[in-house]
Undergrad: 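Shown below is the structure under consideration.
Positions are given from 1, in the same order as the sequence printed here.
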Amino acid sequence: MSRQVTILGAGLVGSLLAILMRRRGYPVTIYERRPDMRKAVIGAGRSINLAMSTRGWNALELAGLKEEMEQIAIPMSGRFLHQPDGSTAFQPYGKNGEAIYSVSRGELNKRLMTLADESGAEIHFNQRCARVDVPSNTLHLEETSDAGNTPSNQHSNTPTLQHSNTADLLFGADGAFSALRSSYSYMDRVSSEQKYIDYGYKELNITPGDGSTFRMEKQALHIWPRGKFMLIALPNTDGSFTCTLFMPFEGQDSFEALQDDAALKPFFEKHFADAIPLMPDYAEQFRTNPVASLITTRISQWHYKDKSALIGDAAHAIVPFYGQGMNAGFEDCTVLSRLMDEHSEDWSTILKEYQRLRKPNGDAVLELALMNFIEMRDKVADPRFLERKKIEKQIGIRYPEQFTSIYELVSFSHTPYATVMQCIDAQDRLLERVMSAGDFEEMSRQETFVEQLDSWMKEYHQDIQQLDFFGR
Ligand SMILES: Cc1cc2nc3c(=O)[nH]c(=O)nc-3n(C[C@H](O)[C@H](O)[C@H](O)COP(=O)(O)OP(=O)(O)OC[C@H]3O[C@@H](n4cnc5c(N)ncnc54)[C@H](O)[C@@H]3O)c2cc1C
C-alpha cells in the first residue's frame, strides 16, 4: 500500500518531486505559502533567470520536461568578460563547446507546477507551514492571504487562519527558510547553521534592442569582475538581459555607499562604463529595485526515520555563484528516484541512504559555490588565472580520458560534488607543476617536457583514481 506524500513548497524542487512521486503512483499533497504564480502577479523575486547545467537537465528528462524547456533555454558556452579598460574577452566553459543554459525561473516553475497538477498532485496555495512536530509528523499550517510578496524569511502581517494536519511521508521542499529544517534544528543532537554572507545583490535589466535583438553577445554569461564586487548578466528569450550586481552591504564600494546618484554615477562610469549605454536608466533601476541578502545553511540531519526528509534549498541553501542551487536540488530528486528504484517501498532505507549519499554533496556544493565567488569576482581578471585556464583546456584536449577541469566536473558531469572537491588539490598540484615549467605552448613542443607531463599525468591519475566518481 503506497504511502501518502505531503510536500511543503511548490517551488522548483517541490513541484519536480511531486511529478516524480505521482509517476510512481503516490498520492501527493503540496502546501505552498504563496498564491498560485500562474494566476497571481508576484513581485520581482529572486533572479529572473537561472543557469541550468547537466545535473538539472538530467532531472528534467526524468520528468519528461527536457525537450520543452530546451526550446526556451539559451545556451551560454562561456564567460564574456568586460574588463575595466573596456576590453572584452571570451572564455569557453568546456573543451568541447559545452554550455550551461539560461532559463526563466518563472516559466520553469509554472511548467513544473502545471505538470504536477496534471499528474494528479493536489496543490494548496496560500498555506504556510509554521512548524512541524517532527516525531508525530504534524504540520501546523496558516492560511495566508498576502500577495506572495513577503520574503520567505518574514511572516506576512495579514491575519491568518490556523489548522493542523498529520502527514504520512513528508518532504520539506520549502526553500532556504524551511519550516521543516527549523523544526529539525530543535531536536536533540541536531546541529544546524545558517550564515548570511556580507554581500547582497540587486537585479537590473538591459532591455532588448529593436525587434527583440540582443544588445550583447547572446550565448554567453557576461561578467564585469571588479575584485570586491561584480556585475553579471544572463540572456532572456525576449532579447533582454537580467543583470545582477553583487557587492558588500557596507564599506567602500558597497550598497550602503551608493545611496544617492552623486555616488552612484561616478561609480558606474568608472566600473561599468560599457553597460551604461545598454541601461541608461540604471540609476532609476538602482533606486527602485531591492537589495537581497545571500544565505548558506547546513544541518546535520536530513531525514527523520522513515517519516520525513529535507530536499533542495531546504537541505542545502548555497550562494548562487556556481549556478548550482537548483541543479543540486534537482539532483537530490534524481538520486531519490534512483533509491526508490532500488529499495521499492522501504522508506526507512531510502531516506537513510538519501542522507548518506546527498549530505556530503550538499556540504561540498556549498563550499564550491563560495570558492567560485572569488573566482568570478576576482580571479577571472587575473592574467595568471587566465593562463591556467588555457593550460587546463590544453591538458583536457591532450588527455581527454584522464583530465576534466573542476568547472566541467561541476557543470557538465554527474560526478558527486564531494568527489569534485577532492579533485581540487590534485589538479592544483598538477597545474602548479605545469605552470612553473614555463610557457606551455613552447614547452609542449619539447620531447623531454612531454615525457615529464606524461609522468605528472600518471601521478595525477593515481591521486584521483581512488575517488568515487559515481556516488555509491
Ligand atoms: C540570485 C540567485 C541566483 C541563482 N542562480 C541560480 C542558477 O543560476 N542556477 C541554479 O541552479 N540555482 C540558482 N540559484 C539557486 C536557486 O534559486 C535555488 O537553489 C532553487 O530555487 C531551490 O529550489 P527549491 O524548490 O528548493 O526552493 P525555492 O525555489 O525557494 O522554493 C521553495 C518554495 O517553498 C515555498 N515555501 C517557503 N516556505 C514555506 C513554508 N513555510 N510553507 C509552505 N511553503 C513554503 C516558497 O514559497 C517556494 O515556492 C540562484 C539563487 C539566487 C538567490
Side-chain angles (χ1 to χ4, degrees), residues 47-54 56-57 69-105 107-108 201-227 229-246 268-282 285 320-324 327 372-373 375-383 385-387 389-390 392-393 405 407-408 410-412:
S47 75
I48 287 165
N49 47 29
L50 299 162
M52 170 94 70
S53 50
T54 299
W57 285 121
M69 288 315 297
E70 270 172 354
Q71 309 297 316
I72 53 166
I74 303 177
M76 301 180 289
S77 56
R79 293 169 173 153
F80 195 101
L81 299 181
H82 298 252
Q83 306 289 26
D85 63 4
S87 64
T88 57
F90 181 74
Q91 284 177 2
Y93 282 132
K95 51 184 178 284
N96 303 312
E98 295 94 334
I100 56 174
Y101 291 77
S102 177
V103 295
S104 153
R105 175 196 284 275
E107 280 314 305
L108 178 59
Y201 68 94
K202 189 187 275 280
E203 288 191 352
L204 302 168
N205 183 47
I206 293 177
T207 52
D210 293 339
S212 294
T213 49
F214 291 84
R215 293 156 76 199
M216 297 191 290
E217 169 56 47
K218 171 187 175 186
Q219 298 197 342
L221 190 154
H222 292 261
I223 311 186
W224 289 256
R226 297 294 183 263
F229 55 93
M230 70 173 173
L231 180 70
I232 66 168
L234 272 71
N236 299 309
T237 46
D238 65 355
S240 66
F241 286 84
T242 303
C243 306
T244 314
L245 175 62
F246 295 97
F268 256 70
E269 279 157 16
K270 178 172 175 198
H271 297 292
F272 307 126
D274 64 339
I276 294 176
L278 302 172
M279 44 179 172
D281 62 341
Y282 72 90
Q285 291 194 44
F321 305 114
Y322 230 125
Q324 284 297 311
N327 285 287
N372 211 46
F373 183 30
E375 177 162 328
M376 284 176 85
R377 69 167 204 224
D378 214 348
K379 288 194 188 161
V380 286
D382 171 354
F385 175 81
L386 297 183
E387 182 60 22
K389 284 277 157 199
K390 268 195 209 152
E392 273 182 9
K393 208 137 286 161
S405 70
Y407 188 90
E408 290 167 306
V410 169
S411 301
F412 308 131

Undergrad: Closest heavy-atom contact between A51 and I100?
TA: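 Heavy atoms only, the tightest pair is CB-CD1, 4.0 Å.
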Undergrad: Is NZ or CZ of R79 both nearer than 6.0 Å to the six-membered ring centre of Y407 and within 45° of the ring axis?
TA: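 Yes, a cation-pi geometry holds between R79 and Y407.
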Undergrad: Between F214 and I74, is the side-chain contact (heavy atoms from CB on, under 4.5 Å) condition met? List the steps.
TA: CA-CA 12 Å; F214 291 84; I74 303 177; 4.1 Å; yes
Undergrad: What class does the angle between the rings of H82 and W224 fall in, given that below 30° is parallel, 30 to 60° is tilted and above 60° is perpendicular?
TA: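 Parallel: the ring planes of H82 and W224 meet at under 30°.
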Undergrad: To the nearest 0.5 Å, what is the distance between CD (E203) and CD1 (I232)?
TA: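 Rounded to the nearest 0.5 Å, the CD-CD1 separation comes out at 9.0 Å.
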Undergrad: Going by heavy atoms in the side chains, are I223 and F80 under 4.5 Å from each other?
TA: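 A side-chain contact is absent here, since even the closest heavy-atom pair is not under 4.5 Å.
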Undergrad: Per the salt bridge (charged side-chain N to carboxylate O under 4.0 Å, His left out) rule, which among K393, K389, K95 passes with E408?
TA: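 Only one option passes, and that is K95.
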Undergrad: Which atom pair, heavy atoms only, marks the closest approach of S240 to N205?
TA: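 Closest approach of S240 to N205: CB-OD1, 3.9 Å.
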Undergrad: Rounded at 0.5 Å granularity, tell me how far CG in N236 sits from OG1 in T242.
TA: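 Here the rounded value is 3.5 Å.
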Undergrad: If we only count heavy atoms from C-beta on, is the F90 to S77 side-chain gap below 4.5 Å?
TA: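 Yes, side chains in contact.
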Undergrad: Would you call S411 and Y322 a side-chain contact if the rule is heavy atoms closer than 4.5 Å?
TA: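 Result yes, sub-4.5 Å side-chain heavy-atom pair found.
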Undergrad: Has E217 got a side-chain atom pairing as donor or acceptor with Q219's backbone, closer than 3.5 angstrom?
TA: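 Yes: the side chain of E217 pairs with the backbone of Q219.
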Undergrad: Walk me through it: do N49 and R105 pass the test side-chain contact (heavy atoms from CB on, under 4.5 Å)?
TA: CA-CA 5 Å; N49 47 29; R105 175 196 284 275; over 6 Å; no
Undergrad: Mark yes or no for whether N327, through its side chain, and S53, through its backbone, hold a donor-acceptor pair below 3.5 Å.
TA: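 Side chain of N327 to backbone of S53: a pair is present.
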Undergrad: Quick check for you: to the nearest 0.5 Å, what is the distance between T88 atom OG1 and M216 atom CE?
TA: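 It comes to 11.0 Å.
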Undergrad: Hey, are the side chains of L81 and H222 touching, using non-hydrogen atoms and a 4.5 Å cut-off?
TA: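 Not in contact.
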Undergrad: Indicate the atoms forming the closest heavy-atom contact of Q285 with M279, along with that distance.
TA: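 Of all heavy-atom pairs spanning Q285 and M279, the closest is NE2-CB, 4.2 Å.
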Undergrad: Testing the basics here: between L234 and L50, what is the closest heavy-atom pair and its distance to 0.1 Å?
TA: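 Closest approach of L234 to L50, heavy atoms only: CD2-C, 4.1 Å.
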Undergrad: Is atom CG of D238 surrounded by more than 12 heavy atoms (other residues, nucleotides or ligands) closer than 6.0 Å?
TA: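 Yes - once you tally the heavy atoms of other residues, nucleotides and ligands closer than 6.0 Å, there are more than 12.
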Undergrad: Rounded to the nearest 0.5 Å, how far does OG of S104 lie from CE of M69?
TA: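 The OG atom of S104 is 6.5 Å from CE of M69, to the nearest 0.5 Å.
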Undergrad: With rounding to the nearest 0.5 Å, note down the distance linking OG1 in T244 to CG in L231.
TA: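 Separation between the atoms: 7.5 Å.
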Undergrad: Can any side-chain N or O of E98 pair as donor or acceptor with the backbone N or O of N96 at less than 3.5 Å?
TA: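 The answer is yes, because a donor-acceptor pair under 3.5 Å joins these two groups.
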Undergrad: Could you report the tightest heavy-atom contact between P235 and M76, atom names first, then the distance?
TA: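 Heavy atoms only, the tightest pair is CD-SD, 3.6 Å.
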Undergrad: Start with the C-alpha distance between F229 and F246, add both sets of side-chain angles, then the distance that settles ring pair (Phe, Tyr, Trp, His ring centres under 6.0 Å), and finish with yes or no.
TA: CA-CA 6 Å; F229 55 93; F246 295 97; over 10 Å; no
Undergrad: Give the ring-plane orientation class for F373 versus F321, where under 30° counts as parallel, over 60° as perpendicular and anything between as tilted.
TA: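 Rings of F373 and F321: parallel, under 30°.
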Undergrad: Drop me the distance from I206's CD1 to Y282's OH, to the nearest 0.5 angstrom.
TA: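 Nearest 0.5 Å value for the CD1-OH distance: 13.5 Å.
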Undergrad: Identify the heavy atoms of R215 and L278 that sit nearest to each other, and give their distance.
TA: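 Closest pair (atom of R215, atom of L278, distance): NH1-O, 3.3 Å.
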Undergrad: Are W57 and Y101 close enough that their ring centers fall under 6.0 Å?
TA: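 So the answer is yes for these two rings.
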